[in-house]
**Student:** 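One structure coming up, written as structure tokens, with questions to follow.
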Amino acid sequence: MTTRHFLEVDDVSPEELLDILDRSESGALGTPLAGKGAALYFEKPSLRTRHSAEMAIVQLGGHPVTIRREEIGAGAREPLSDIARVLAGYHALMGARVFLHEDVVALAEPNALPVVNLLSDEAHPCQALADLLTMRQEWNELAGRTVCWVGDFNNVARSLSIGCALARMQLRLACPPGYGPSDADLDRLAQYDCTPFVTARPDEAAKGADAVHTDVWTSMGFETEADDRHRAFEGFQVDDSVMSAAAVGAVFMHCLPAHRGEEASASVVDGRQSRVFRQAENRMHSFRGLVSWLVEINRP
């Protein structure tokens with residue numbers, strides 16, 4: 001039996017994605033992790049990811065064990081593939097929040113236990129699940145809705161876009177020159193009949209959108225680029241004028257932490273259209289749904 005992992009959103013089919021979202025809202029998942037452990041490996045600091053993952057595992061009856069890189073010398077003291085094989089003897093699954101996407105791939109490569117990407121430089125699929133769950137709670141149905149992204153087409157944007165494509169949503173992207181989707185990104189979305197509208201004007205991208213998403217201008221690991229990014233992203237703040245271009249009843253979303261006055265104005269982050277704290281809570285619910293699905297699909 002081939003082990004199923006969750007390294008990016010399209011590791012699941014559109015039908016499986018809907019199943020995970022259904023499970024995320026279910027109060028009847030039982031305790032499929034009863035008597036079992038879940039290893040959570042962290043190379044980066046975390047608030048939402050650690051708390052949401054640990055609590056979701058507890059809610060499913062499991063025991064989370066959090067591991068820091070410096071504790072085990074991952075990649076130096078022993079290969080990542082060996083670490084995965086060892087942890088498979090103790091745990092039902094593993095989550096990994098890493099700097100390099102190739103490292104989470106290396107953990108999954110032995111197929112020793114299911115591996116979930118809790119964040120890498122290329123993808124943030126668990127955030128995308130929470131975003132999709134939040135939007136579905138808003139509208140009941142995702143298909144046909146329009147999502148706008150303003151800012152860097154980073155790991156968060158990439159996973160969100162793939163999730164939207166799987167859910168048959170429309171995409172509108174406003175990115176500064178040099179920070180937009182690559183040809184490979186566009187080709188990947190095209191596999192799901194998704195062709196985003198791409199512009200360098202946030203108000204144009206937001207026109208008619210049902211949800212407007214953004215993220216910090218300088219993500220963790222890119223601190224040395226902060227000055228260049230602040231210059232490049234001038235004019236890419238989601239403020240009241242950008243939100244006014246969106247559809248009536250549109251919501252604002254941000255994965256947090258938010259820098260009020262930079263990528264989004266305080267009036268938007270803290271305003272009536274904001275759903276940022278529901279998004280944060282949904283990290284736990286969506287992870288619970290994902291783990292429930294992974295445990296079931298990987299059952300011998």
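As the structure is a prediction and not an experimental result, all values here were calculated from the model.
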**Student:** So, Gln279 versus Asp131: side-chain donor-acceptor pair below 3.5 Å or not?
**Tutor:**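 Indeed, the side chains of Gln279 and Asp131 share at least one donor-acceptor pair under 3.5 Å.
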**Student:** Is it true that a side-chain atom of Gln170 and a backbone atom of Pro196 form a donor plus acceptor pair closer than 3.5 Å?
**Tutor:**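 Between the backbone of Pro196 and the side chain of Gln170 there is no qualifying donor-acceptor contact (under 3.5 Å).
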**Student:** Using only heavy-atom distances, determine whether the side chains of His5 and Asn117 contain a donor-acceptor pair under 3.5 Å.
**Tutor:**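 There is no such pair between these side chains.
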**Student:** According to the salt bridge (charged side-chain N to carboxylate O under 4.0 Å, His left out) rule, which pairs have a member within residues 252-274, sequence neighbours left out?
**Tutor:**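 Of all non-adjacent pairs touching residues 252-274, those that pass salt bridge (charged side-chain N to carboxylate O under 4.0 Å, His left out) are Arg260-Asp270.
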**Student:** Judged by atom type as modelled, is there a donor-acceptor pair below 3.5 Å linking the side chain of Asn155 to the main-chain atoms of His124?
**Tutor:**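 Such a contact is absent between Asn155 side chain and His124 backbone.
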**Student:** Phe42 ring centre to Arg68 NZ or CZ under 6.0 Å, with the angle to the axis within 45°?
**Tutor:**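 Not flagged: Arg68 not positioned over aromatic ring of Phe42.
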**Student:** In plain terms, say whether Glu141 and Arg136 are close enough for a salt bridge, that is, a side-chain N and a carboxylate O under 4.0 Å apart.
**Tutor:**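 Salt bridge: no.
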**Student:** Of all residues at least two apart in sequence or in a different chain, which pass the salt bridge (charged side-chain N to carboxylate O under 4.0 Å, His left out) check with Glu296?
**Tutor:**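 Glu296 satisfies salt bridge (charged side-chain N to carboxylate O under 4.0 Å, His left out) with Arg23 once adjacent residues are dropped.
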**Student:** Check whether any side-chain N or O of Arg288 sits under 3.5 Å from a backbone N or O of Ser24 as a donor-acceptor pair, and report yes or no.
**Tutor:**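 Side chain of Arg288 to backbone of Ser24: a pair is present.
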**Student:** Salt bridge or not for Arg158 and Asp185, using N-O below 4.0 Å?
**Tutor:**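 Judged by the 4.0 Å cut-off on N to carboxylate O distance, Arg158 and Asp185 do form a salt bridge.
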**Student:** Can you check whether Asp193's main-chain N or O pairs, donor with acceptor, with Arg168's side chain at less than 3.5 Å?
**Tutor:**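 Answer holds: no.
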**Student:** Is Asp82 salt-bridged to Arg77, cutoff N-O under 4.0 Å?
**Tutor:**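 Salt bridge: no.
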**Student:** With side-chain contact (heavy atoms from CB on, under 4.5 Å) as the test, pick out the partner of Val276 among Thr134, Val268, Val251, Leu256.
**Tutor:**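 In the set Thr134, Val268, Val251, Leu256, the residue that makes a side-chain contact (heavy atoms from CB on, under 4.5 Å) with Val276 is Leu256.
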**Student:** Donor-acceptor pair, Asp203 side chain versus Val242 backbone, under 3.5 Å?
**Tutor:**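 Side chain of Asp203 to backbone of Val242: no pair is present.
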**Student:** Is it true that a side-chain atom of Ser52 and a backbone atom of Thr49 form a donor plus acceptor pair closer than 3.5 Å?
**Tutor:**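 Yes, because the side chain of Ser52 sits within donor-acceptor range (under 3.5 Å) of the backbone of Thr49.
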**Student:** Arg229 side chain to Thr224 main-chain N or O, any donor-acceptor pair under 3.5 Å?
**Tutor:**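 No, because the side chain of Arg229 does not come within donor-acceptor range (under 3.5 Å) of the backbone of Thr224.
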**Student:** Determine, for Asp10 against Arg188, whether the closest basic-nitrogen to carboxylate-oxygen distance falls under 4.0 angstrom.
**Tutor:**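 Yes.
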**Student:** Please list, chain by chain and in numerical order, all residues satisfying ring-ring contact (aromatic ring centres under 6.0 Å, His included) with Tyr179, sequence neighbours excluded.
**Tutor:**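 Applying ring-ring contact (aromatic ring centres under 6.0 Å, His included) to Tyr179 gives Phe233.
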**Student:** Between Ser120 and Val98, is there a donor-acceptor pair closer than 3.5 Å when you use the side chain of the first and the backbone of the second?
**Tutor:**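 No; judged by distance alone, with no hydrogens or angles, the pair does not exist.
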